[in-house]
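By convention in this document, chain letters (A, B, ...) are assigned in the order of the sequence lines, proteins followed by strands, and residues within each chain are numbered from 1.
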Amino acid sequence: MPADVKVRMAPSPTGFLHIGSVRTFVFNWLFARQQGGECLLRIENTDTSREVAEAVDQIQDSLRWIGIDWDGPVSFQLDTADRARELAQELLAKGDAYEDEGAIRFRQPTEGTVSWHDAVRGEIEFRNELLPDLVIVRSDGRPTYNFVSPVDDILDGITHVIRGDDHVSNTPSQINILRALGAELPVYAHVPMINGADGKKLSKRHGAVATEAFRDDGYLPQTMMNFLALLGWSYDDKTTIMSRHELIERFSLDRVVPSPATFDYKKLDWMNGVYLRNLQPEEYAHDLRRFLAEQGIDWPAERVNATVPLVQEKIEKFSQYPDFVRFLFEDIEVPADLDGRICRAAAERLAGVEPWDAAAIEEALRGLVDELGEKPRTAFQPIRLAVTGSKVSPGLFESLELLGRDESLRRLSAAGTEA
RNA sequence: GGCCCAUUCGUCUAGUGGCCUAGGACACCGCCCUCUCACGGCGGCGGCACGGGUUCGAAUCCCGUAUGGGCCUCCA
């Protein structure tokens with residue numbers, strides 16, 4: 001009977017949670033949920049400073065935001081240090097380790113090879129004679145990562161180690177250690193790294209890398225999950241947009257590709273736009289308000305809600321929202337060079353429009369443009385400028401409706417007298 | 001330098017010997033729609049790193065080369 005699947009997400013508490021780590025965690029999580037297994041969260045800490053505590057909080061916040069959960073309490077690598085030391089002593093006693101300058105080194109086999117069948121890369125083999133006898137317990141008594149990590153995996157009953165491929169070269173040593181300990185080996189799956197546009201490891205130079213930064217940029221968590229899942233994995237030759245549920249249902253390790261992927265920010269933007277447009281208006285309003293609150297923008301909720309139909313098809317991330325609709329919440333600067341004549345005429349025409357709604361406003365304005373013998377394209381632009389202060393805005397008639405008659409006329413008149 | 005890994009349009013990828021004169025998506029370009037911007041529709045540009053094999057037949061298998069990356073810490 002096959003053991004139940006159990007994986008672990010093992011971040012280091014070094015500041016923010018890197019989006020590349022999240023991608024690896026997405027694979028772990030998707031795999032576990034798909035298999036009906038467990039997904040643990042283990043912090044690979046070597047101390048317990050205040051910084052670590054903060055980083056641990058942030059890691060959990062970021063994971064929760066993306067929608068990744070974990071089973072059981074968060075565990076800490078440091079908590080098993082005693083047990084690791086005991087095992088090191090056993091290794092010492094059996095002659096599988098030896099002391100060196102106060103530290104304990106693992107004794108690698110000197111001949112033959114270590115190999116394993118990697119779930120994403122296939123057969124990988126190393127020659128034992130080339131593996132260095134690595135330190136498993138430092139001279140100050142602290143066990144090292146390459147020792148505690150496999151030890152914790154045994155202790156936790158991890159069945160699948162899904163991690164970045166920067167760990168490939170650690171794997172043969174960890175396997176030898178596990179064998180010396182008489183433990184069963186987990187399945188290894190080394191997933192490719194994520195690069196920036198220049199092919200180098202993704203870093204701040206390329207754009208946002210902290211999970212928090214994507215949240216602050218107004219990306220939806222469902223976008224992030226979908227996008228990240230597609231970095232190195234695909235369902236078929238054409239499916240791109242997949243819900244959390246579909247992702248869980250369809251994910252498989254053998255469809256993870258072995259080569260590194262470049263993080264394409266433009267595609268992320270596009271995908272977020274797709275998700276934004278697919279939201280129900282109420283959901284959109286809710287998420288938007290939450291975003292604004294997080295950004296410290298306290299525009300009236302009622303009015304924010306009212307803008308949803310004007311912006312939902314126009315922006316691809318919430319961070320574009322404030323500038324796009326600012327004219328509805330704050331005074332604008334009257335642009336200098338615009339056609340005051342048209343603005344004045346528009347003000348006069350709009351004064352008597354009943355009711356004050358987009359349809360009536362459009363009718364009035366189109367009639368005016370006709371009479372003036374202007375092209376809609378050229379005639380509406382100065383009006384837009386006068387009312388929104390920008391050459392790019394939500395639909396003009398809807399904007400006027402929302403702005404209200406008084407304020408609209410005020411801005412139009414102001415622009416009319418300016419010129 | 002040693003070891004390990006990778007290599008299909010600019011990017012993410014489909015492809016597991018014939019269905020491939022290589023499919024989709026993002027980006028880009030053009031046209032249409034249009035009050036701006038978007039959305040949407042239509043069309044276009046563009047790729048199997050290179051060289052040898054194996055085979056009737058190779059993007060797919062093998063070997064080299066090149067390029068890129070990772071690791072080689074008493075870091076994780």
Identified ring pair (Phe, Tyr, Trp, His ring centres under 6.0 Å) partner of A:F227 from the options A:Y219, A:F263, A:W233: A:F263
Distance in angstrom units between A:Y235 OH and B:rA25 C1', rounded: 17 Å
Positive for side-chain hydrogen bond (donor to acceptor under 3.5 Å, both in side chains) with A:R163, one of A:T171, A:T24, A:N28: A:T171
Parallel, tilted or perpendicular, as decided by the 30° and 60° cut-offs, for the rings of A:F397 and A:F380: perpendicular
A:E123 vs A:E44, nearer the 5' end of RNA chain B by closest nucleotide: A:E123
Nearest-neighbour nucleotide for the A:F380 side chain, B:rC3, B:rC35, B:rA27 considered: B:rC35
Phosphate contact (B:rA76 OP1 or OP2) by A:R138 side-chain N/O below 4.0 Å: yes
Pairwise C1' distance, B:rC26 and B:rG47 [rounded to whole Å]: 15 Å
Closest listed nucleotide, where the reference is the side chain of A:K238 and the choices are B:rC12, B:rC4, B:rG24: B:rG24
Touch class at under 4.0 angstrom, heavy-atom based, for A:R277 against every strand present: sugar-phosphate
N-O pairing of A:D140 and A:R142 below 4.0 Å: yes
B:rA49 versus B:rA14 - spacing of their P atoms, nearest Å: 14 Å
A:H117 NE2 to B:rC4 P, straight-line distance once rounded to whole Å: 18 Å
Sugar-phosphate, base or nothing in reach of A:N170, heavy atoms under 4.0 Å: base
Rounded distance (Å) that lies between atom P of B:rC5 and atom CE of A:M193: 16 Å
Under-4.0 Å salt bridge between A:D198 and A:R205: yes
Sugar-phosphate, base or nothing in reach of A:L396, heavy atoms under 4.0 Å: base
Nearest-angstrom distance from the residue atom CG of A:D264 to P of B:rA25: 15 Å
Touch class at under 4.0 angstrom, heavy-atom based, for A:S259 against every strand present: sugar-phosphate
Sugar-phosphate, base or nothing in reach of A:K267, heavy atoms under 4.0 Å: base
Aromatic plane relationship, A:Y188 with A:H190 - under 30° parallel, 30 to 60° tilted, over 60° perpendicular: parallel
Evaluation steps, salt bridge (Lys or Arg N to Asp or Glu O under 4.0 Å), between A:R50 and A:E54: CA-CA 6 Å; A:R50 193 168 55 83; A:E54 284 169 3; 2.9 Å; yes
Whole-Å gap separating C1' (B:rA25) and CD1 (A:I241): 9 Å
N/O (side chain, A:R121) to phosphate O (OP1/OP2, B:rA6) under 4.0 Å: no
Sugar-phosphate only, base, or nothing, as touched by A:P258 at under 4.0 Å among non-hydrogen atoms: sugar-phosphate
Separation of atom CZ in A:R163 from atom P in B:rC71, rounded to whole Å: 13 Å
Given RNA chain B, 5'-ward residue of the pair A:A10 and A:F324, judged by closest heavy atom: A:F324
Opposite nucleotide pairing with B:rG2, Watson-Crick or G-U, both atom distances under 3.5 Å: B:rC71
Sugar-phosphate only, base, or nothing, as touched by A:K391 at under 4.0 Å among non-hydrogen atoms: base
Criterion salt bridge (charged side-chain N to carboxylate O under 4.0 Å, His left out) against A:D71, the qualifying member of A:R33, A:R42, A:R8: A:R33
Sugar-phosphate only, base, or nothing, as touched by A:T239 at under 4.0 Å among non-hydrogen atoms: nothing
Sugar-phosphate, base or nothing in reach of A:E101, heavy atoms under 4.0 Å: base
Sugar-phosphate only, base, or nothing, as touched by A:E313 at under 4.0 Å among non-hydrogen atoms: base
Between B:rG18 and B:rC37 - P atom distance, rounded Å: 48 Å
Interatomic distance at P, B:rC45 relative to B:rG10, whole Å: 14 Å
B:rU7 - base-pair partner by Watson-Crick or wobble geometry, distances under 3.5 Å: B:rA66
Touch class at under 4.0 angstrom, heavy-atom based, for A:N45 against every strand present: nothing
Face-to-face contact A:H167 to B:rA76 six-ring, under 5.5 Å, under 30°: yes
Under 3.5 Å on both distances, the Watson-Crick or G-U partner of B:rG40: B:rC32
A:W299 and A:Y321 aromatic ring geometry - parallel, tilted or perpendicular at 30°/60° bounds: tilted
N/O (side chain, A:K314) to phosphate O (OP1/OP2, B:rC39) under 4.0 Å: no
A:D237 (side chain) and B:rA25 (base): donor-acceptor pair under 3.5 Å: no
P-based separation of B:rA25 from B:rA58 [nearest Å]: 29 Å
Atom-to-atom span, CE of A:M242 to C1' of B:rC26 - whole angstrom: 14 Å
Pairing nucleotide - B:rA76, Watson-Crick or G-U, each distance under 3.5 Å: none
A:T262 (side chain) and B:rC12 (base): donor-acceptor pair under 3.5 Å: no
Nearest-nucleotide pick for A:S234, side chain only, options being B:rC37, B:rC35, B:rA14: B:rA14
Inter-nucleotide P distance (B:rU11, B:rU16), Å rounded: 23 Å
Distance between C1' atoms of B:rC9 and B:rA22 (Å, rounded): 10 Å
Distance, rounded to the nearest Å, where A:K317 contributes NZ and B:rC39 contributes P: 14 Å
Sugar-phosphate only, base, or nothing, as touched by A:F397 at under 4.0 Å among non-hydrogen atoms: base
Sugar-phosphate, base or nothing in reach of A:N195, heavy atoms under 4.0 Å: nothing
A:F27 ring center near A:H160 ring center (under 6.0 Å): no
Span that lies between the C1' atom of B:rU60 and that of B:rU55, in whole angstrom: 13 Å
Touch class at under 4.0 angstrom, heavy-atom based, for A:S393 against every strand present: base
Short side-chain N/O contact to B:rC33 OP1/OP2 from A:R377, under 4.0 Å: no
B:rU16: pairing nucleotide in any strand, Watson-Crick or G-U under 3.5 angstrom: none
